[in-house]
K.L.:
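Here's a structure for you.
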Amino acid sequence: MWLLKVLISLPLLTLFVMFLVQNNELVALWPIPDLKIAVSIVYFVLFGLGYLCGRLVAWSQYAPVRATIRRQKKENKQLTKEHEKLNHEHDKLNQQVNSLQEEVEKKGGSGFSLNKKIKGWFSHPLNDE
C-alpha cells in the first residue's frame, strides 16, 4: 500500500514543486496590502496547512479504531491470564490423576480403564424378557 501511495504522490509532489519554482511573482496579501510575498511561498504555506488539516482529520477519524484496538488488547491480557490460570489447574489435575493411578497400581488393581468399561457395556446383551 505504501508503494502505491509513493507512486501516486511522488509525481504530484514533483509537479507541485516545479510549479512553485516557476512562479516567483510578488503578490500583496489581502489583510496587509503593503506586504509583498512570492506566490510560491503562499502556495507552499497553503499546501502545508492543507496537509496538516488532512492529517488531523485522518487522525480524528481513526480514533474509534484505536479505541477498539486498546479494548481488544485489554481483553487479550485478561484472557491470557485466565488461560494461564486454567492451564495451571489442568496441570494440577493431571498430577492428581497420575498419582491416583499410581496408587491403584501399587495396591495391585488394574486401575480404572475406560476401554474396559465401554467393552463391558457392549459385551453383554440386554435381557428384555
Side-chain angles (χ1 to χ4, degrees):
M1 190 67 170
W2 65 270
L3 181 63
L4 185 62
K5 287 181 183 178
V6 168
L7 289 176
I8 291 172
S9 63
L10 194 61
L12 291 175
L13 190 60
T14 304
L15 289 174
F16 182 71
V17 169
M18 287 173 51
F19 176 77
L20 290 181
V21 169
Q22 291 178 357
N23 287 321
N24 287 328
E25 296 179 25
L26 294 176
V27 292
L29 294 179
W30 167 70
I32 307 170
D34 296 333
L35 183 64
K36 302 279 185 183
I37 297 178
V39 173
S40 59
I41 293 175
V42 173
Y43 283 142
F44 182 74
V45 169
L46 290 176
F47 177 78
L49 288 174
Y51 177 78
L52 290 176
C53 288
R55 295 297 289 176
L56 181 65
V57 167
W59 179 77
S60 65
Q61 287 182 348
Y62 188 67
V65 175
R66 287 192 314 268
T68 303
I69 289 172
R70 277 193 307 270
R71 187 173 51 251
Q72 286 177 351
K73 282 183 182 179
K74 193 176 196 180
E75 289 174 5
N76 285 344
K77 281 184 180 180
Q78 290 175 349
L79 289 173
T80 301
K81 286 180 183 178
E82 185 177 344
H83 183 256
E84 289 174 358
K85 180 182 173 185
L86 290 174
N87 271 342
H88 182 68
E89 289 181 20
H90 181 259
D91 289 340
K92 285 170 56 176
L93 289 174
N94 275 339
Q95 289 175 356
Q96 288 177 356
V97 167
N98 289 337
S99 65
L100 289 174
Q101 285 178 348
E102 288 174 5
E103 283 181 23
V104 169
E105 288 176 5
K106 284 181 185 177
K107 290 181 181 178
S110 61
F112 174 75
S113 173
L114 186 60
N115 288 337
K116 289 181 184 177
K117 185 134 183 136
I118 292 173
K119 285 180 186 176
W121 288 341
F122 294 107
S123 64
H124 304 296
L126 295 174
N127 293 332
D128 291 339
E129 296 176 21

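This is a predicted model, so every value here is computed, not measured.
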K.L.:
Is there a path of hydrophobic side-chain contacts, each under 4.5 Å between heavy atoms of I, L, V, M, F, W or Y residues, that connects Leu13 with Val39?
P.N.:
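Linked within one cluster.
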
K.L.:
Using the side-chain contact (heavy atoms from CB on, under 4.5 Å) rule, pick out the option among Leu20, Leu12, Thr14 that qualifies with Phe16.
P.N.:
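The residue from Leu20, Leu12, Thr14 that satisfies side-chain contact (heavy atoms from CB on, under 4.5 Å) with Phe16 turns out to be Leu20.
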
K.L.:
Just do the side-chain contact (heavy atoms from CB on, under 4.5 Å) check on Phe19 and Leu15 with the steps written out, would you?
P.N.:
CA-CA 6 Å; Phe19 176 77; Leu15 289 174; over 6 Å; no

K.L.:
Please test Val21 against Ser40 for side-chain contact (heavy atoms from CB on, under 4.5 Å), starting from the C-alpha separation and ending with a verdict.
P.N.:
CA-CA 7 Å; Val21 169; Ser40 59; over 6 Å; no

K.L.:
Distance-only criterion, 3.5 Å: show the donor-acceptor pairs between side-chain atoms of residues 67-82 and protein atoms not counting sequence neighbours.
P.N.:
unit_1: Thr68; atom_1: OG1; unit_2: Pro64; atom_2: O; d: 2.9
unit_1: Asn76; atom_1: ND2; unit_2: Gln72; atom_2: O; d: 3.4
unit_1: Thr80; atom_1: OG1; unit_2: Asn76; atom_2: O; d: 2.7

K.L.:
Got a list of side-chain donor-acceptor pairs under 3.5 Å for residues 41-62, not counting sequence neighbours?
P.N.:
unit_1: Ser60; atom_1: OG; unit_2: Leu56; atom_2: O; d: 3.3
unit_1: Ser60; atom_1: OG; unit_2: Val57; atom_2: O; d: 2.9

K.L.:
Which value, rounded to the nearest 0.5 Å, describes the distance between Glu89 atom CD and Asp91 atom CG?
P.N.:
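With rounding to 0.5 Å, CD (Glu89) is 10.5 Å from CG (Asp91).
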
K.L.:
Side-chain donor-acceptor contacts of residues 25-37 below 3.5 Å, not counting sequence neighbours, with atom names and distances?
P.N.:
none

K.L.:
Please round to the nearest 0.5 Å and tell me the distance separating atom CD of Gln95 and atom NZ of Lys92.
P.N.:
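So the CD of Gln95 and the NZ of Lys92 are separated by 9.0 Å.
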
K.L.:
side-chain contact (heavy atoms from CB on, under 4.5 Å) between His90 and Leu86: does it pass, once the steps are laid out?
P.N.:
CA-CA 6 Å; His90 181 259; Leu86 290 174; over 6 Å; no

